[in-house]
Student: 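Input: one structure, supplied below.
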Amino acid sequence: MSIHSTAIIEEGAWLGEGVEVGPFSLIGAEAVVGDGTIIRSHVVIEGAVRIGRQNQIGHGSILGGAPQDLGFASATKSGIELGDDNVIREYCTIHRGTAEGSSTIVGNGNFLMAGAHLGHNCRIGNNVVIANNCLLGGYVRVDDRAFLGGGSVFHQYVRIGRLVITQGNSGFGKDLPPFVVAAQINLVAGLNIVGLRRAGFSAADRDEVKRAFKLLYRSGLNTRQALEKSAEMEWTQHGREFFDFVAEAGTRGIVPSRNSSADDS
C-alpha cells in the first residue's frame, strides 16, 4: 500500500492490498477500496462508496458527491458501487443515489474519459466507453459495450441499449434500442455493424438485427404496430433482445430514425 503523506484517509475507511493514494486526495470514512486500485491526486471519495479491484481513479475526480437533486436531504444514506478494472480519467464526477439506500452502479471494465459526469442512480453495464465531457442525468441506464461520443448529453431516465454508439456532441431524451448508431438530437442513423462484427456477431446474427431494425424503422409501422407484428414472427436471441428493449421503453418512447414512424404510438 502506498499513501502519499498529504492524503487524508478518514478513520473507518477500508483500503485493500496494493492500493495507491496520491497527493491531496481525501478518502471518506465510509469508503471501501479494493485491492490494487490506484487513486491519483486531488481525488475526493465521500459517502458510502464501494470500489472494487484494480480500478484507476484520475486526478481531481469526485466519487460520491451529493446528487444534484433539489429534493435531496443531506442526511440521506446512499452510495456508489464501482466494480473491477474500470478506468476513470481526470475530473470525472459520479454522484451517489438520491433515495435512501440507493446507489449509482458502475460495472466492470468501463472507461470514463476526462470530465464525464454520471448523475445519481445511473446504472452502467460492462465494457462501456463514455468519452470526454459526456453528461448523464439521473437514472440513466447504459448497457454493455455501448460507446457514448464526446460531449453527448442524456436526459434523466433515458436507457441506452447494448452496443449502441452515439456521435459526439449529440443529445438524447428518448431510449436508444440496442445495436444502433445515433446522432444529432434524438436521431437514429443506422446500425452499428462494425461494433457487431467486433463483438463476434456472425453474418446470420447481423442479418437478424437488420431484419428487426427494418421492421421497426423502415416498414412504415409505428412502434406499437411494429411490436405487434414482431410478436407474430420468429426471432433468435438478438431479435428478441431488440424488441424486448423497445417493448420496455419509458413514457418518452424510443429515438426515431429518418423517414420512420417509430416515435409515434
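Remember, it's a predicted structure, so these values are computed and weren't measured experimentally.
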Student: In terms of hydrophobic clustering (I, L, V, M, F, W, Y; side-chain heavy atoms under 4.5 Å; direct or indirect links), are V158 and L135 co-clustered?
Tutor: no

Student: Here's a test for you: under side chain to side chain donor-acceptor pair (under 3.5 Å), which of D35, D85, D84 qualifies with R53?
Tutor: D35

Student: Considering non-hydrogen atoms only, spot the tightest contact between F242 and F213 and give its length.
Tutor: CZ-CA, 4.1 Å

Student: Do the non-hydrogen side-chain atoms of L148 and L136 ever get within less than 4.5 Å of each other?
Tutor: yes

Student: Between the side chains of H238 and R206, does any donor sit under 3.5 Å from an acceptor?
Tutor: no

Student: Say you draw a straight line from SG of C92 to CG of L112; how long is it, rounded to the nearest 0.5 Å?
Tutor: 5.0 Å

Student: Fit a plane to each ring of F179 and F201, take the angle between them on a 0 to 90° scale, and name the class: parallel (under 30°), tilted (30 to 60°) or perpendicular (over 60°).
Tutor: perpendicular

Student: Between V49 and I51, is the side chain to side chain contact (heavy atoms under 4.5 Å, CB included) condition met? List the steps.
Tutor: CA-CA 6 Å; V49 177; I51 297 173; 3.7 Å; yes

Student: Please check if M113 and I165 belong to a single hydrophobic cluster, counting links between Ile, Leu, Val, Met, Phe, Trp and Tyr side chain heavy atoms closer than 4.5 Å.
Tutor: yes

Student: Checking the side chain of D175 only, and the main-chain atoms of G250 only, is there a donor and an acceptor separated by less than 3.5 Å?
Tutor: yes

Student: Nearest 0.5 angstrom please: C122 SG to H95 NE2, how far?
Tutor: 10.5 Å

Student: With a 4.5 Å limit on heavy-atom distance, are the side chains of I254 and L176 in contact?
Tutor: no

Student: Identify the two heavy atoms, one from G149 and one from A131, that lie closest to each other, and give their separation to 0.1 Å.
Tutor: C-CB, 3.8 Å

Student: If we ignore angles and hydrogens, is there a donor and acceptor under 3.5 Å between the side chains of R96 and S102?
Tutor: no

Student: Do I38 and I57 touch side chain to side chain, with heavy atoms closer than 4.5 Å?
Tutor: no

Student: For the pair S103 (side chain) and I105 (backbone), establish whether a donor and an acceptor sit closer than 3.5 Å, ignoring hydrogens and angles.
Tutor: no

Student: Any chance you could lay out the side chain to side chain contact (heavy atoms under 4.5 Å, CB included) test for F111 and I88, step after step, and finish with the verdict?
Tutor: CA-CA 6 Å; F111 186 10; I88 297 174; over 6 Å; no

Student: Below 4.5 Å, heavy atoms only, C-beta onward: do T98 and N121 meet side chain to side chain?
Tutor: yes

Student: Check N86, N126, D144 against N110 for a side chain to side chain donor-acceptor pair (under 3.5 Å) and give me the one that passes.
Tutor: N86

Student: Counting heavy atoms not belonging to Y91, are there more than 12 under 6.0 Å from its OH?
Tutor: no

Student: Do L118 and V106 come close enough that some side-chain heavy atom pair is under 4.5 Å?
Tutor: yes

Student: Let's go through H4 and V21 carefully: what are the C-alpha distance in whole Å and the side-chain angles of both, what is the deciding distance for side chain to side chain contact (heavy atoms under 4.5 Å, CB included) to 0.1 Å, and is it a yes or a no?
Tutor: CA-CA 6 Å; H4 194 273; V21 182; over 6 Å; no

Student: Could you state the interatomic distance from CD1 (I62) to CD1 (I45), rounded to the nearest 0.5 Å?
Tutor: 11.0 Å

Student: What's the spacing between L82 CG and R50 CZ if we round to 0.5 Å?
Tutor: 11.5 Å

Student: Begin from the C-alpha positions of E100 and K77 and carry the test side chain to side chain contact (heavy atoms under 4.5 Å, CB included) through to its verdict.
Tutor: CA-CA 5 Å; E100 185 73 26; K77 297 295 185 182; 3.2 Å; yes

Student: For R162, is there an ion pair with E241 - N to carboxylate O distance below 4.0 angstrom?
Tutor: yes

Student: Taking atom types as modelled, find out whether T236 and E208 have a side-chain donor-acceptor pair closer than 3.5 angstrom.
Tutor: yes

Student: Does any N or O in the side chain of S61 come within less than 3.5 Å of the main-chain N or O of R89, such that one atom is a donor and the other an acceptor?
Tutor: yes

Student: Might you point out which heavy atoms bring Q156 and V140 nearest each other, and give the distance in Å?
Tutor: CA-CG2, 4.2 Å

Student: For R252 and H155: C-alpha separation, side-chain torsions, deciding distance, then whether side chain to side chain donor-acceptor pair (under 3.5 Å) applies.
Tutor: CA-CA 10 Å; R252 292 177 171 271; H155 195 279; 3.0 Å; yes

Student: What I'd like to find out is whether the side chain of H59 reaches to under 4.5 Å of the side chain of V43, using heavy atoms alone.
Tutor: no

Student: With a 4.5 Å heavy-atom cut-off, do N192 and F147 have their side chains touching?
Tutor: no

Student: Which of parallel (below 30°), tilted (30 to 60°) and perpendicular (above 60°) describes F154 and F172?
Tutor: parallel

Student: Can you name the closest pair of heavy atoms from K174 and N186 and give their distance?
Tutor: N-OD1, 3.5 Å

Student: Looking at side-chain heavy atoms only, is the closest gap between V33 and N55 below 4.5 Å?
Tutor: no

Student: When you group the ILVMFWY residues by side-chain heavy-atom contacts below 4.5 Å and let the links chain together, are I124 and Y139 in the same group?
Tutor: no

Student: Counting distance only, does the side-chain N/O of S257 pair as donor-acceptor with the main-chain N or O of V188 below 3.5 Å?
Tutor: yes

Student: CG/D69 to NE2/H120 distance, rounded to the nearest 0.5 angstrom?
Tutor: 4.5 Å

Student: Should the heavy atoms of other residues, nucleotides or ligands under 6.0 Å from CZ of R211 be counted, would the total exceed 12?
Tutor: yes

Student: For H42 and S25, work out which heavy atoms get closest and say how close.
Tutor: N-OG, 3.2 Å

Student: Would you say M233 ends up clustered with L216 if hydrophobic residues are merged whenever their side chains have heavy atoms under 4.5 Å apart, either directly or through other cluster members?
Tutor: yes

Student: Rounded to the nearest 0.5 Å, how far does CG of N127 lie from CG of N108?
Tutor: 8.0 Å

Student: Could you tell me whether the side chain of W235 and the main chain of S230 form a donor-acceptor pair under 3.5 Å?
Tutor: yes

Student: Following the transitive rule for hydrophobic clusters with a side-chain heavy-atom cut-off under 4.5 Å over Ile, Leu, Val, Met, Phe, Trp and Tyr, establish whether F243 and L196 coincide in one cluster.
Tutor: yes

Student: Tell me the closest heavy-atom pair linking T93 and H117, and the distance in Å.
Tutor: OG1-ND1, 2.7 Å

Student: Is there a donor-acceptor pair closer than 3.5 Å between any side-chain N or O of E248 and the backbone N or O of F245?
Tutor: no

